[in-house]
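Okay, so here's the structure we're looking at.
Index from 1, following the sequence.
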Amino acid sequence: MLKEFLESNKKCFKLVCGAGNECAEDVEKLVSLYSSAGAEIFDICAKPEILSAAKKGLEKAGIYDNRFICVSVGMKGDPHIFKAGIDEKKCVSCGKCEEVCPNDAIACPKINRSRCIGCGKCKNVCPNASIDMYECDVDLNIVLPKLVEMGIDCVELHATSEFDEDIWEKWEIINNCFDGVVSICIDRLNLGNKQVLDRLKKMISIRKPYSTIIQADGIPMSGSNDDYKTTLQAVAMAEIIQDANLPVYILISGGTNSKTSELAKMCDIRCSGIAVGSYARKIVKPYIEADFSKALELAKKLVDVSKL
Ligand code: SF4
Ligand code: SF4
């Protein structure tokens, strides 16, 4: 069980497949690869077909001890539940959006919505303002019971937006429907330090001590580069949570890479693990189809260095 694993004080590696990544084929391959490489937790979007794909990935890797699936639930205003859309009338076919997309979701002027993770990079580079982001939320009352029935180990709520009402509504549904370890992913894009801690204290007040993970998110979906600067905010956010002495487990995310564990150590952050998304997916992307051994070697190197 995930709780027992966290209690063991072993440091874990969480692969973030992307709360917005709805490409089943992609998720199956990533889960299989990173499970073989030693990752313990797999973060996927809250969709039954993606949960089935992640389970297939775990089966393919054939390792069943200490492997856990976490489904991520986005909020109103949370970038993880956005999808990009191109206005074809405005598009001048310059190809810039295709170049920056980290998940090969664009074949201009079309966007493959199942691959879009809502990072907004395409929108930022478009010279003709042809791209907009659209919110795609799920009905948690319908989807969560189905996921619980299929078997999950953790539910993660992205509690970062300024829409309090939506957070409390979803928090209540999660706590009523699921009695395992719950994760709260939170960053400071909309909230200050005090608001972050006030929100967390209120949220965990209805839970048993050490039944909650706080995923301290630096800058969501920003970890493509492998340097200290990219991971600085992730470690800083973990420090804020650590200093508050809450009865929770801390994972570091949002701008994580191969330097995160080292920087966290230098800053005396004691976390239960590192969650890596953009960077973990980026390093294996050129090899995952063509050269599995090479992809595995790179994934294993990242997993190992993250557990130091
Ligand atoms: S760049 Fe990001 S937001 Fe744009 S299509 Fe690709 S994944 Fe989606
Ligand atoms: S960046 Fe904008 S204008 Fe260029 S191809 Fe993409 S959508 Fe079209």
Handout entry: Gap separating the CD1 atom of Ile69 from the CG atom of Asp43, nearest 0.5 angstrom
Key = 10.5 Å
Completion exercise
Correct closest heavy-atom pair for Val16 and Ala275 would be CG2-CB, 4.0 Å
Problem - From SG (Cys70) to CD1 (Ile44), nearest 0.5 Å - result: 8.5 Å
Practice task
State whether Asp217 and Arg188 are salt-bridged, where the test is any N-O pair (Lys NZ or Arg NE/NH1/NH2 against Asp/Glu carboxylate O) under 4.0 Å.
Solution key: no
Exercise for the section: May I ask you to check whether over 12 heavy atoms, not counting those of Asp227, lie within 6.0 Å of atom CG? Expected result: yes
Handout entry: Pairs where residues 48-61 contributes a residue and the test salt bridge (charged side-chain N to carboxylate O under 4.0 Å, His left out) is met, not counting sequence neighbours
Key = Glu28-Lys60
Handout entry: Sidechain N-carboxylate O distance under 4.0 Å for Arg67, Asp153
Key = no
Handout entry: Candidate list Gln215, Met203, Arg199, test side-chain contact (heavy atoms from CB on, under 4.5 Å), partner Ile184, passing option
Key = Met203
Problem - Validation row: Asn103, Asp26 side chains within 4.5 angstrom (heavy atoms) - result: yes
Handout entry: Heavy-atom pair of closest approach, residues Leu308 and Lys11
Key = O-NZ, 2.8 Å
Problem - 4.5 Å side-chain heavy-atom contact, Ile131 and Asp87 - result: no
Practice task
Output yes when a side-chain donor or acceptor of Glu98 lies under 3.5 Å from a complementary backbone atom of Cys108, and no otherwise.
Solution key: yes
Practice task
Give the cluster check for Met133 versus Leu189: same hydrophobic cluster or not, with ILVMFWY residues linked at side-chain heavy-atom distances below 4.5 Å.
Solution key: no
Problem - Residues which pass ring pair (Phe, Tyr, Trp, His ring centres under 6.0 Å) with Phe13, listed by chain and number, not counting sequence neighbours - result: Tyr34
Problem - Heavy-atom pair of closest approach, residues Cys97 and Cys122 - result: CB-CB, 3.6 Å
Fill in the blank from the handout: Residues Val235 and Ala264: closest non-hydrogen pair is CG1-CA, 3.9 Å
Problem - Connected hydrophobic set around Val181, excluding itself, where side chains approach under 4.5 Å - result: Leu2, Phe5, Leu6, Ile41, Phe68, Tyr210, Ile213, Tyr249, Leu251
Problem - Other residues, nucleotides, ligands: >12 heavy atoms within 6.0 Å of Met150 CE - result: yes
Handout entry: same_hphob_cluster(Leu296, Ile63) at 4.5 Å side-chain heavy-atom cutoff
Key = no
Problem - Same cluster (ILVMFWY, side-chain, under 4.5 Å), Ile219 and Met237 - result: no
Problem - Ionic contact status for Glu22 with Lys47, cut-off 4.0 Å - result: yes
Problem - Pair Lys10 + Glu4: basic N to acidic O under 4.0 Å - result: no
Handout entry: Salt-bridge present (Glu40, Lys307; N to O < 4.0 Å)
Key = yes
Practice task
Assess Lys259 against Tyr228: is NZ or CZ under 6.0 Å from the centre of the six-membered ring, and within 45 degrees of the ring's axis?
Solution key: yes
Handout entry: Backbone of Ser258 reached by a side-chain donor or acceptor of Asp226 within 3.5 Å
Key = yes
Problem - Note, Leu58 side chain near Phe42 side chain (heavy atom, < 4.5 Å) - result: yes
Handout entry: Axial cation check for Trp168 ring with Lys202, 6.0 Å and 45° limits
Key = yes
Handout entry: Any donor-acceptor N/O pair, Lys83 side chain to Cys116 backbone, under 3.5 Å
Key = yes
Exercise for the section: Output yes when Asp198 and Lys194 qualify as a salt bridge under the 4.0 Å nitrogen-oxygen rule, no when they do not. Expected result: yes
Handout entry: Heavy-atom closest contact (Val284 atom, Ala280 atom, distance)
Key = CG2-O, 3.5 Å
Exercise for the section: Kindly check if the number of other-residue, nucleotide or ligand heavy atoms within 6.0 Å of NZ (Lys285) is above 12? Expected result: yes
Practice task
Please determine if Lys123 and Asp132 form a salt bridge, counting it only when a charged side-chain N lies under 4.0 Å from a carboxylate O.
Solution key: yes
Exercise for the section: Flag yes if more than 12 heavy atoms outside Glu88 fall under 6.0 Å of its CD atom; otherwise flag no. Expected result: yes
Problem - Heavy-atom side-chain contact between Val276 and Asn257 under 4.5 Å - result: no
Exercise for the section: Decide if atom CD of Glu7 counts as having more than 12 heavy atoms of other residues, nucleotides or ligands within a radius under 6.0 Å. Expected result: yes
Completion exercise
Between Gly57 and Val31 the two heavy atoms that sit nearest each other are C-CG1, 4.0 Å
Practice task
Report whether Val182 and Ile206 are members of the same hydrophobic cluster (ILVMFWY, side-chain heavy atoms less than 4.5 Å apart, transitive linking).
Solution key: yes
Handout entry: Inter-residue atom distance Cys267.SG - Gln242.CD, 0.5 Å rounding
Key = 10.0 Å
Practice task
Could you walk me through whether Arg207 and Asn175 pass side-chain hydrogen bond (donor to acceptor under 3.5 Å, both in side chains), step by step?
Solution key: CA-CA 8 Å; Arg207 296 192 52 82; Asn175 279 284; 2.7 Å; yes
Practice task
Verify the distance criterion only: is there a donor paired with an acceptor across the side chains of Ser224 and Ser278 at less than 3.5 Å?
Solution key: no
Handout entry: Min side-chain heavy-atom separation Glu156-Val73 under 4.5 Å
Key = no
Handout entry: Nearest-0.5 Å distance, CE of residue Met1 to SG of residue Cys154
Key = 12.0 Å
Practice task
Would you confirm whether Lys121, through its side chain, and Val100, through its main-chain N or O, come within 3.5 Å as a donor-acceptor pair?
Solution key: no
Handout entry: Donor-acceptor contact below 3.5 Å, side chain Ser52 vs main chain Pro48
Key = yes
Problem - Min side-chain heavy-atom separation Val148-Val155 under 4.5 Å - result: no
Exercise for the section: Answer whether the closest heavy-atom distance between the side chains of Pro102 and Lys282 falls below 4.5 Å. Expected result: no
Practice task
State the CG-OG distance between Asp291 and Ser293, to the nearest 0.5 angstrom.
Solution key: 5.5 Å
Problem - Under 3.5 Å: donor-acceptor pair, side chain of Ser211, backbone of Lys208 - result: yes
Problem - Distance, nearest 0.5 Å, that separates OG1 of Thr260 from NZ of Lys265 - result: 13.5 Å
Handout entry: Side chain Thr256, main chain Ser253, donor-acceptor under 3.5 Å
Key = no
Handout entry: Heavy-atom donor-acceptor pair, Ser130 side chain to Ile86 backbone, under 3.5 Å
Key = no
Exercise for the section: Kindly indicate whether the side chain of Thr212, heavy atoms from C-beta on, has any atom under 4.5 Å from the side chain of Ile214. Expected result: yes
Problem - Salt-bridge present (Glu297, Lys301; N to O < 4.0 Å) - result: no
